[in-house]
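See structure below.
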Amino acid sequence: MKKNLLSSAARRREALTGLLFISPWIIGVCVFFAFPIFRSLQLSFVNVINMTDYKVEWAGISHYKEIIQTDTWYVKHFLTKCREMLYQVPLINIFSIFIAILLNRKFKGRTVFRVVFFLPVILGSGFIMSQLVSQGVQGEAMETAQNVLLPMEVKIFLGEKATKFVTDFLTIISSVLWKCGVQIIIYLSALQSIAPSLYEAARVDSATEWEMFWLITFPMMTPNILLNLVYTVVDSFVGADDLLFKHIQNIGFQNSQFENASAMSWLFFVWAILLVGIIFVIMRPFVNKVRE
Amino acid sequence: MKVTKGLHLRLGRFHLTISASRVFVYLLVLLMVAFTALPLIYVISTAFKPLDELLRFPPIFFVRNPTLDNFRDLLFATSSSSVPFLRYVMNSVFVAAVTVFLTILVSSIGAYSLVKLDLPFKGLIFNVIVATLMFPTTLATIPNYMVINSLGLMNTYMSLIIPKVAGAFGFFFVKQFCDQLPDALLEAARLDGASEWKIFSRIVFPFMKPACSTLVVFTFISSWNDSFAPLVYITDDAMRTLPLALQSIGSGATLARAGAMAAATFLSTVPTIIIYTIMQRRVIATMAYSGIK
């Protein structure tokens, strides 16, 4: 409709203004994201001969081979991380939905709790957190806290194996809870955008809370669940306290092995993409059902 | 939770049980809060510990005789490194403020033009954004260093600011919000002869304010906490930001410094917590409106 109203000169002017408006962003993405991503992929397949004028020779998959065959540290931690992600990604999302539902209820002090659950995002992405970790503050804090939760008498009563099981369990829960911040917010917003009239109608038909969750809340949230699963996978690769990330940066910046470092990050990315693909395949039938 | 809800409903006819379920909610939330907030509580409590409590082993969780010694130590005694702590704070504030300002300007004006203007290659640009969301920034770090280097931006504040401005996340987010701006409003302004810039600054930007305040939170946090960029790009000690200052305080590594370290950590988390607390409601509301689905 708009197009009929405007003359071609006016449309061209609009296109020009539009390009002018969006160009800072496009230039930024090209220079600091698209190009670097492309360059790092390229780096993982070449040998750099001269860094200053970027002279390279094709190396094929030799860097990937070298990593898998010689860098045992990386391979070991890579596999551990892959295994961890398999249970952490679903756990993080289950916890986030759970917490989001709790935080969506009306109770006093809700704001404070919402901030507290976001704390890990405020701290966790940053150096502060990695400092805490490296200084053992988190470990110390967890230990002292666990001593409060699990007094010595209880430990003796439970015996060594059971105690280890309980503390391991607590450690996993706290490490999962620390990664829930953004996901909780996305689920909270999803919960708030579900029309209350749906629940009212269900209540009139005497549905239980349990039924309402599976027949209203869950189906309405599937797009957000998909989004969050993907986000969790991609996000698990970022973070200053991530061991793999640190290792890659060390290889890259301290040993100046840019090629190997790039190959390592791409190896991990392939795994992440694979996981995202699996998530899409599993989630697709659920998400489609909602749209129809 | 599923169990809770079932339980709650079966007993739900009575008044007493409603409060019981509320107590249950509180307990559950408190338990999880305990897990999430413990390290921070520990840091805060450590920041106020006097020397003898810092040295105690095994460490105690809560401070017994709080003191401000650690803060005094931090603000006045760190001058031994020739750069006062406040200088780092100012660096961080400056870098974060400029990053936030530029990010919002670039994202909102770009999103407006992508959504509402007759732009060539619209579909392509949008696909690029979605694809970009899938790539972790980690992949780009090493070539980014080369780019910064060849642009001659090493050891400048710009190297901490510019690479962060054009992010896919913020752009996508603002764009989703901009989709809801009614076209009629823009048409009316155009008929009245308003320029595109005027339309943007008078109509579009005010409309997008909630989305932008969310972007403020995320951009500020990521800039404020970033330790990687200053570590790699900045060589001049006086230009470094807080996270690195924390590192150099921490590298003193004697137990006595643990107090100053905790004080510094505490001080440097306060701004982000305040900003999020203020904006919290808006963040959740925008996410709901922005149709991230």
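The chains referred to below are lettered A, B, ... by the order of the sequence lines, with proteins before strands, and numbering in each begins at 1.
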* Asked: Is there a side-chain contact between B:L114 and B:K122 (heavy atoms, below 4.5 Å)?
  ->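 Answer yes - side chains close enough.
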* Indicate yes or no: at least one non-hydrogen side-chain atom of A:L43 is less than 4.5 angstrom from one of B:M146. =>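 SC-SC contact between A:L43 and B:M146 confirmed.
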Side chain from CB out, backbone as N, CA, C, O: work out which of these in [X] comes under 4.5 Å of a heavy atom of chain B, or both, or neither.
X: A:V112; answer: neither
X: A:V230; answer: side chain
X: A:V182; answer: side chain
X: A:F268; answer: neither
X: A:L191; answer: neither

Give, as side chain, backbone, both or neither, the part of [X] having an atom under 4.5 angstrom from any heavy atom of chain A.
X: B:I125; result: side chain
X: B:F220; result: neither
X: B:I162; result: both
X: B:L151; result: side chain
X: B:F218; result: side chain

Which of [options] touches chain B most, by non-hydrogen pairs under 4.5 Å:
options: A:R13, A:M221, A:R39, A:R114; answer: A:R114
options: A:I27, A:I37, A:V29; answer: A:I37
options: A:F33, A:F118, A:F117, A:F38; answer: A:F118
options: A:F113, A:F95, A:Y231, A:F35; answer: A:F113

* **Pair A:F253 and B:F228, ring centroids less than 6.0 Å apart** =>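 A:F253 vs B:F228: aromatic centres under 6.0 Å.
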* Kindly state whether the ring of A:W210 and the ring of A:F213 have centres lying under 6.0 angstrom apart. =>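 Ring centres of A:F213 and A:W210 not closer than 6.0 Å.
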* **Which residues share a side chain to side chain contact (heavy atoms under 4.5 Å, CB included) with A:L41, sequence neighbours left out** =>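 With sequence neighbours excluded, A:L41 shows a side chain to side chain contact (heavy atoms under 4.5 Å, CB included) to A:S44, A:F45, A:W266, given in chain and number order.
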* Residue of the set A:L227, A:I99, A:I225, A:T217 for which side chain to side chain contact (heavy atoms under 4.5 Å, CB included) holds with A:Y187 ->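 Exactly one pass, corresponding to A:I225.
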* Option that, when pairs with chain A are counted at under 4.5 Å, heavy atom only, ranks first among B:G167, B:S150, B:S107 ->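 Answer, by heavy-atom pair count under 4.5 Å with chain A: B:G167.
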* Looking at B:I275, B:I129, B:N149, B:I148, which has the largest count of heavy-atom pairs under 4.5 Å with chain A? ->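 Most heavy-atom pairs within the cutoff with chain A belong to B:I129.
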* Nearest-0.5 Å distance, NE2 of residue A:H247 to CD of residue A:Q249 ->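 Nearest 0.5 Å value for the NE2-CD distance: 11.0 Å.
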* Asked: CG/A:L102 to CG/A:L188 distance, rounded to the nearest 0.5 angstrom?
  ->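 If I round to the nearest 0.5 Å, the distance is 10.0 Å.
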* To do: Report yes or no: does A:E259 contribute a side-chain atom to a donor-acceptor pair with the main-chain N or O of A:V48 at less than 3.5 Å?
  =>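 Checking the backbone N and O of A:V48 against the side chain of A:E259, a donor-acceptor pair under 3.5 Å is found.
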* Mark yes or no for whether A:S96, through its side chain, and A:Q183, through its backbone, hold a donor-acceptor pair below 3.5 Å. =>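 No; judged by distance alone, with no hydrogens or angles, the pair does not exist.
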